[in-house]
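These values consider heavy atoms only, across backbone and side chains, with no hydrogens, waters or symmetry-generated copies. Atoms within each ligand, like the ligands themselves, are counted from 1 in listed order.
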Amino acid sequence: MDTLKGWVHEIRDMGGIKFIIIRNRDGLHQVTLPKKKVPPELFERVGSLNREDVVVVHGETKDSKARDFPTELIPDAITVVNAAETPLPLDPSGKVKAELDTRLDNRFVDMRRPEVQAVFSIRHTLLRHARAYLDAHGFWEVHTSRIISTASEGGTELFPITYFDKPAYLSQSPQLYKQMCMAGGFERIFEIATYFRAEEHNTTRHLNEATAIDIEMSFIEDEEDVMRVLESLIHHTVAGIVADCQDELATLGVALTVPPLPFKRLTYDEAVDLLRSKGSDIAWGDDLGTESERLLGEEMAAQGHEYYFIKRYPRNKVFYIQPDGKYCRGFDLDCKGVELTSGGQRCHEHATIVSRLEEFGLNPASFTDYLKIFRYGMPTHGGFGFGIERWLMEMLDQKNVRECILFPRDRHRTTP
Ligand code: AMO
């Protein structure tokens with residue numbers, strides 16, 4: 001005797017034979033009720049079932065002639081654990097198309113769709129392989145505080161929170177804590193971090209609450225040491241997904257290939273020249289905005305590069321990155337025209353970080369706690385922040401970053 005537990009996905013009544021298609025995390029399964037072979041009351045009960053009822057079916061598994069199912073269950077008992085109300089807020093079979101907003105409003109039903117489960121099964125596999133890679137390379141997993149009293153990252157706005165009688169904010173990045181771990185002698189750490197960013201953006205690639213793989217490592221020679229960890233991490237993790245997630249990739253219609261090592265390195269100067277040769281009016285020192293990134297993505301794709309680094313940025317990139325003449329030791333990793341990662345070698349000397357703050361028009365007096373970590377033995381170090389939702393979006397050809405996080409927080413959404 002076999003037992004099948006799941007949701008009623010579909011009911012097909014062909015007169016002398018009835019089929020119930022049951023859906024669970026393993027996929028779709030067929031329950032077949034030939035009128036002559038099952039108890040009459042069971043045959044009649046099928047008519048009272050509704051889509052999305054949660055049921056437990058007992059019966060005997062037989063080989064099936066059905067095109068979509070290698071086996072079928074011939075039931076002798078069906079228990080309705082919990083009946084679903086009608087009409088449903090959303091069609092989980094996906095036959096009736098719904099807008100993303102309607103799907104997200106009813107995310108628990110949306111999550112029953114095989115495509116959605118495929119994305120989150122791959123997300124789980126991604127994290128499993130990324131953790132395994134970092135563990136194998138000596139990185140300790142840490143959790144730093146999400147509650148901060150001053151900005152940890154330039155350039156983005158903070159969400160203020162009520163914290164007793166003190167001003168406090170949600171953390172934008174574990175940046176300062178990662179560096180503190182280097183001053184603390186942990187040498188190699190990573191965190192699956194949550195970033196809270198009060199940015200007004202309302203785009204397909206921005207979230208106000210995002211997750212990232214953040215790493216930091218000590219005793220580096222330069223940013224290349226960090227870049228090598230990043231490209232190997234990607235190579236290893238994608239290989240793991242290709243090995244473990246063929247069914248999910250097929251559900252999504254994605255032909256994923258493992259990107260070969262090493263990844264292309266493009267200097268900022270080369271990127272600017274390339275963009276200008278394609279008609280862009282970008283000036284040296286400008287940020288590479290969305291449009292420049294997209295154009296670079298096209299050019300890199302034409303050269304056969306899915307993932308590519310952009311390094312040797314002008315020194316005005318971020319204050320905590322080690323300056324190097326008119327450049328700095330920061331880098332980005334882009335994939336198909338979208339930035340997935342920022343990182344670099346950090347300043348490690350007190351005098352350098354103080355002058356960097358001044359260079360950026362920031363007041364060192366407001367950074368006392370941060371500056372202290374550079375005064376009592378700080379090794380050379382570097383790291384990166386690698387957006388998980390952005391990575392999944394590009395890897396799985398999803399059109400919107402909101403597809404890659406269970407409960408997106410954006411400019412307008414704080415529920416469910
Ligand atoms: P940065 O601000 O570039 O760098 O963030 C790192 C990566 O995190 C992802 N990300 C986002 N994803 C979705 N929505 C957002 N609003 C969002 N903001 C960031 C992106 C981005 O590349 N402290 C540095 C990292 C470091 O140097 O270690 C930092 O936070 O994929």
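Side-chain contact, Glu72 with Gln30: a donor N or O sits under 3.5 Å from an acceptor N or O. In summary, the side chains of His381 and Ser218 do not present any donor paired with an acceptor at a separation below 3.5 Å, with no hydrogens or angles considered.
Comparing Leu207, Asp334, Ile405 by heavy-atom distance to atom 16 (N) of ligand 1, the nearest is Leu207. The option from Ala210, Ala198, Gly385 that lies nearest to atom 7 (C) of ligand 1, judged by heavy atoms, is Gly385. For atom 27 (O) of ligand 1, the nearest non-hydrogen atom from the set Arg346, Glu389, Met393, Glu209 belongs to Arg346. For the residues Arg402, Arg197, Glu339, the heavy atom positioned nearest atom 30 (O) of ligand 1 is part of Arg197. For atom 13 (C) of ligand 1, the candidate residues are Arg409, Lys317, Glu216, Arg205; the nearest heavy-atom contact is made by Arg205.
Residues Glu191 and Arg146 are paired through a salt bridge, judged by an N-O separation under 4.0 Å between the basic side chain and the carboxylate. Between Arg197 and Glu209 there is no salt bridge, since no side-chain nitrogen of the basic residue lies less than 4.0 Å from a carboxylate oxygen of the acidic one. A salt bridge does not link Asp369 to Lys372: none of the charged nitrogens lies less than 4.0 Å from a carboxylate oxygen. With respect to the salt-bridge test (charged N to carboxylate O, under 4.0 angstrom), the residues Arg411 and Glu199 do not qualify.
Remark: ligand 1 atoms within the under-4.0 Å shell around heavy atoms of Glu199 are 16 (N). Set against the non-hydrogen atoms of Ser173, the atoms of ligand 1 under 4.0 Å away are 23 (N), 30 (O). Atom numbering of ligand 1 starts at 1 in the shown order; those under 4.0 Å from a heavy atom of Phe384 are 26 (C), 28 (O).
Ligand 1 is approached by Gly343 to a heavy-atom distance shorter than 4.0 Å. Residue contacts with ligand 1 include Lys178, since one of its heavy atoms falls under 4.0 Å from the ligand. Taking 4.0 Å as the cut-off, Trp391 does not count as a neighbour of ligand 1 on heavy-atom distance.
With a 4.0 Å cut-off on non-hydrogen atoms, Thr341 touches ligand 1 through its backbone and not its side chain. With a 4.0 Å cut-off on non-hydrogen atoms, His206 touches ligand 1 through its backbone as well as its side chain.
For atom 31 (O) of ligand 1, the closest heavy atom belonging to the protein is Leu340 O, 2.7 Å. Annotation: atom 4 (O) of ligand 1 to nearest protein heavy atom, Ser342 CB, 3.7 Å. The protein heavy atom nearest to atom 9 (C) of ligand 1 is Gly387 CA, 3.7 Å. For atom 24 (C) of ligand 1, the closest heavy atom belonging to the protein is Tyr320 OH, 3.3 Å. The protein heavy atom nearest to atom 8 (O) of ligand 1 is Tyr195 CE1, 3.4 Å.
For the salt bridge (charged side-chain N to carboxylate O under 4.0 Å, His left out) with Arg265, the lone residue among Glu270, Glu223, Glu224 that qualifies is Glu224.
Between Tyr268 and Trp284, the ring planes lie perpendicular to each other; the angle is over 60°, past the 30° to 60° tilted range. Under the 30°/60° scheme for interplanar angles, the aromatic rings of Phe309 and Phe263 are found to be tilted.
Taking the six-membered ring wherever Trp is involved, the centroid distance between the rings of His129 and Tyr133 does not fall below 6.0 Å.
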### Task
Report the C-alpha distance between Asn50 and Thr86 in whole Å, list the side-chain angles of each, state the deciding distance to 0.1 Å, and finish with yes or no for side-chain hydrogen bond (donor to acceptor under 3.5 Å, both in side chains).
CA-CA 8 Å; Asn50 283 316; Thr86 53; 5.1 Å; no
